[in-house]
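Taking it in order: structure first as structure tokens, then the write-up.
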Amino acid sequence: ATFSGNTPRQTDRSNLLDTSLNYGAVFPENENAAIYVVKGLFGGYTSTFSNVEYYEQRGDYVQSQNRDLWEYELNLTQDQLELLVASSWELYQQENTYYFLSKNCAYRFAELVALATGQDVDFQGKPWSLPLDVFVDLATMRGSDGLPLIANIERVHAPTTRFLSAYEALDDEQQTALELSVRSALNTDQPYAPAPYFERSDISDKDRAEVVEAALLYIAMIRAQDGNGDAIEDIVSLDRAFLIQRIKLPAGDTGIGLSDDTRPPHEGHRTSTAQITYLNNNRLGVGIELRLRPVLTDFLSLSAGEAPFSELSMGDFSFILRDGRASLQTFDALRITAISTRKTGLPYEYKPSWRLRFGAESESLAIDGDVVALAEFGYGHAFAPTTNTALYGMVEGRLDTGRDTVRAGLSVGAIARIDDQVQMIASARSLASIQDFERPTLQSDFALRIGNQRDSDLRVISRYENDHISGRTMELGLTYSWHF
């Protein structure tokens with residue numbers, strides 16, 4: 001869920017003039033994100049329903065926030081639709097206490113659907129309410145006519161998604177022509193000169209138009225990202241060059257960038273995961289690790305609707321059972337990683353990669369139960385050798401309550417999807433105390449997912465650590481994951 005919650009439309013027609021119903025927490029305009037999370041978890045906000053025209057809500061999500069939007073059309077009868085609208089009117093602007101993990105936007109939307117259809121959304125029996133679980137439940141339901149309750153699913157592409165899709169659809173010569181033409185348009189010291197590609201007699205008007213339309217989508221992407229107006233001069237220069245160039249070509253939409261085989265979000269891994277791992281540690285021997293991840297999208301998740309090469313985990317914790325003892329191994333209150341790869345050679349397209357983690361973990365792989373609280377952060381860059389592969393490097397920092405309170409260093413990693421059945425991630429990092437940079441701790445991790453079932457998979461893992469106190473420690477494991 002986002003700050004503004006989930007928005008069901010009050011109609012069975014695709015019409016931007018429809019009224020949308022929104023539910024979310026009421027918070028100050030410039031509220032700090034960390035404060036928002038804490039207050040949201042513990043009921044620090046009131047919440048209410050509000051409504052705007054759907055074109056405004058869609059524009060906020062897609063254009064202002066530059067996010068893809070998935071529209072799920074429900075198979076409702078006219079009576080059910082009128083009941084939903086009437087119930088929404090009664091709830092409009094009534095205040096409730098907002099809880100991020102329970103009585104949130106997903107919970108309230110599920111209440112409305114249950115009222116209209118007579119079918120309960122039970123979030124797969126979980127004690128918490130996640131937005132995606134609503135649609136997982138809806139996908140199993142039937143309308144009063146016996147047909148699936150979800151009648152249709154459409155993806156509304158954000159400007160960045162639409163441009164990158166268009167760019168990938170161009171051939172190599174077209175991509176080169178686009179980049180040369182964009183750089184010429186941005187060079188205000190000289191008149192705009194289209195790439196030589198456009199002057200060739202063997203190039204069709206359709207091929208030329210595809211390049212120019214990709215350029216117009218590129219301009220739309222910059223405009224969506226430019227919240228502060230810093231790029232306005234470049235946008236004007238690009239507009240002037242490519243709008244004139246497009247007018248000179250035959251009319252008609254080429255359809256560039258519209259192909260999409262992305263699965264809708266509810267068809268990926270379920271939102272929560274329980275894992276059991278058989279471990280063999282060269283120092284500590286055999287153990288069993290039990291892990292619960294209530295909110296999870298990780299690098300090995302089945303890709304369905306989410307940003308590639310990203311992870312989000314909340315409330316993730318694991319225990320190790322070894323030699324008759326149970327010890328806390330890790331606890332991630334929050335872990336977010338966004339690996340952003342450069343896909344073109346154009347300005348404005350690329351964003352840095354970053355990671356953030358708050359929680360606790362065993363201080364050393366060589367010791368069970370020696371837990372320290374921590375905060376970690378990283379910032380760096382990544383590139384994609386292929387569509388399904390990302391390589392990254394980051395500068396990292398760590399604060400913890402252990403023997404080395406402040407540490408810094410470097411990390412590198414590789415993420416690859418071999419096919420839908422096999423996906424892997426490998427990473428390594430070196431962290432050293434700011435008081436002793438000559439003796440860093442070296443760590444590496446490897447994980448391989450096997451299987452493409454939505455509710456389970458097998459994983460092979462390895463962990464390695466080498467520090468000046470414990471020496472070298474290595475752990476191998478086989479994991480069964482159950483997604484629910």
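Side chains included, hydrogens not; waters and symmetry mates left out as well; all remaining heavy atoms used.
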Shortest non-hydrogen contact from Leu238 toward Ala185: CD2-CB, 3.8 Å
Is it the case that the side chain of Gln225 and the backbone of Ile222 share a donor-acceptor pair, with hydrogens and angles ignored and the cut-off at 3.5 Å? no
Are Arg342 and Tyr350 in a cation-pi contact, defined as NZ or CZ under 6.0 Å from the six-membered ring centre and within 45° of the axis? yes
So which atom in Ser20 and which in Gln57 form the shortest heavy-atom distance, rounded to 0.1 Å? OG-CB, 3.7 Å
Identify the two heavy atoms, one from Gln63 and one from Pro159, that lie closest to each other, and give their separation to 0.1 Å. OE1-CG, 3.5 Å
Do Asp18 and Tyr55 have side-chain atoms, one donor and one acceptor, less than 3.5 Å apart? no
Distance-only donor-acceptor check, side chains Asp332 and Ser313, under 3.5 Å: no
So that I know where these two stand, are Tyr218 and Phe163 an aromatic pair - ring centroids less than 6.0 Å apart? yes
Polar side chain donor-acceptor pair, Asp207 to Ser204, under 3.5 angstrom: yes
Show the nearest heavy-atom pair for residues Arg208 and Ile203, with the distance to one decimal. NH1-O, 2.7 Å
Verify side chain to side chain contact (heavy atoms under 4.5 Å, CB included) between Trp70 and Glu154, making sure each step is shown before the conclusion. CA-CA 6 Å; Trp70 289 87; Glu154 291 186 9; over 6 Å; no
Between Ser430 and Leu442 (side chain of the first, backbone of the second, donor and acceptor by atom type, cut-off under 3.5 Å), is there such a pair? no
Take Asp239 and Arg223 through the test salt bridge (charged side-chain N to carboxylate O under 4.0 Å, His left out) and record every step on the way to the result. CA-CA 11 Å; Asp239 266 336; Arg223 187 175 282 112; 2.7 Å; yes
Hey, does the side chain of Asp137 reach the backbone of Val121 with a donor-acceptor pair shorter than 3.5 angstrom? no
Measure from the side-chain N and O atoms of Arg270 to the backbone N and O of Asp455, and report whether any donor-acceptor pair falls under 3.5 Å. no
Hey, are the side chains of Val211 and Ser181 touching, using non-hydrogen atoms and a 4.5 Å cut-off? no
Passes side-chain hydrogen bond (donor to acceptor under 3.5 Å, both in side chains), Asp445 versus Tyr464? Steps please. CA-CA 6 Å; Asp445 293 274; Tyr464 173 82; over 6 Å; no
For the aromatic rings, using the six-membered ring if either is Trp, is the centroid distance between Tyr72 and Phe135 under 6.0 Å? yes
Quick one, Lys248 and Gln245 - any side-chain contact, counting heavy atoms below 4.5 Å? no
Is any side-chain heavy atom of Ser353 closer than 4.5 Å to one of Tyr379? no
Do Asp457 and His483 meet the criterion of a side-chain donor-acceptor pair at a distance under 3.5 Å? yes
Could you tell me which residues satisfy ring pair (Phe, Tyr, Trp, His ring centres under 6.0 Å) with Tyr192, sequence neighbours excluded, listed by chain and number? Phe242
Please round to the nearest 0.5 Å and tell me the distance separating atom CZ of Arg58 and atom OG of Ser64. 13.5 Å
Using side-chain heavy atoms (C-beta onward) and a distance below 4.5 Å, is Asp133 in contact with Ser129? no
Answer yes or no: does atom CD of Glu233 have more than 12 heavy-atom neighbours from other residues, nucleotides or ligands under 6.0 Å? no
Could you check whether Arg355 pairs with Glu396 (Lys NZ or Arg NE/NH1/NH2 to Asp/Glu carboxylate O, under 4.0 Å)? yes
Scan side-chain atoms only and decide if Gln174 and Asp172 contain a donor-acceptor pair under the 3.5 Å cut-off. no
Side-chain (Asp253) to main-chain (Gly255) donor-acceptor, under 3.5 angstrom: yes
Within the 3.5 Å criterion, strictly below it, is a donor on Ser481 or Gln275 matched to an acceptor on the partner's side chain? yes
For Leu300, is there any backbone N or O sitting under 3.5 Å from a side-chain donor or acceptor partner on Asp298? yes
Who passes ring pair (Phe, Tyr, Trp, His ring centres under 6.0 Å) against Tyr392, sequence neighbours left out? none
Checking Asn388, Thr386, Thr387 against Arg417 for side-chain hydrogen bond (donor to acceptor under 3.5 Å, both in side chains), the one that qualifies is Asn388
One should read off an interatomic distance between Ile450 CD1 and Gln423 CD, to the nearest 0.5 angstrom, of 12.5 Å
Here's a test for you: under side-chain contact (heavy atoms from CB on, under 4.5 Å), which of His381, Lys351, Glu349 qualifies with Ser340? Lys351
With side chain to side chain contact (heavy atoms under 4.5 Å, CB included) as the test, would you mind laying out the steps for Thr479 and Leu458 before giving the verdict? CA-CA 6 Å; Thr479 300; Leu458 288 175; over 6 Å; no
According to ring pair (Phe, Tyr, Trp, His ring centres under 6.0 Å), who are the partners of Tyr45, at least two apart in sequence or on a separate chain? Tyr36
Strictly by modelled atom types, are Thr160 and Asn66 linked by a side-chain donor-acceptor pair under 3.5 Å? yes
Backbone N or O of Val113 within a donor-acceptor pair of the Thr117 side chain at under 3.5 Å? yes
Side chains of Asn75 and Asp145 only: does a donor on one sit below 3.5 Å from an acceptor on the other? yes
Under the salt bridge (charged side-chain N to carboxylate O under 4.0 Å, His left out) criterion, do Arg429 and Glu376 qualify, and how do the steps go? CA-CA 13 Å; Arg429 71 175 180 175; Glu376 293 182 348; 3.0 Å; yes
Are the side chain of Arg398 and the backbone of Val406 linked by a donor-acceptor contact shorter than 3.5 Å? no
Would you call Glu311 and Arg357 a salt bridge, taking side-chain N to carboxylate O under 4.0 Å as the test? no
Check Tyr92, Phe109, Phe49 against Tyr23 for a ring-ring contact (aromatic ring centres under 6.0 Å, His included) and give me the one that passes. Phe49
Cation-aromatic face contact Lys126/Phe484, 6.0 Å, 45 degrees: yes
Whether Asp68 side chain and Ala158 backbone form a donor-acceptor pair below 3.5 Å: yes
Note: Ala25 and Ser47 closest approach over all heavy atoms is CA-CB, 4.0 Å
Closest approach of Asp420 to Arg449 (non-hydrogen atoms, all atoms of both residues): O-NH2, 2.7 Å
If you round to the nearest 0.5 Å, how far is CG of Asn51 from CD of Glu56? 10.0 Å
For a 4.5 angstrom cut-off between non-hydrogen side-chain atoms, does Gln453 reach His269? no
Please check if the side chain of Arg454 supplies one atom and the backbone of Gly268 the other of a donor-acceptor pair under 3.5 Å. yes
Would you say that Tyr98 contacts Tyr107 through its side chain, given a criterion of any heavy-atom pair below 4.5 Å between the two side chains? no
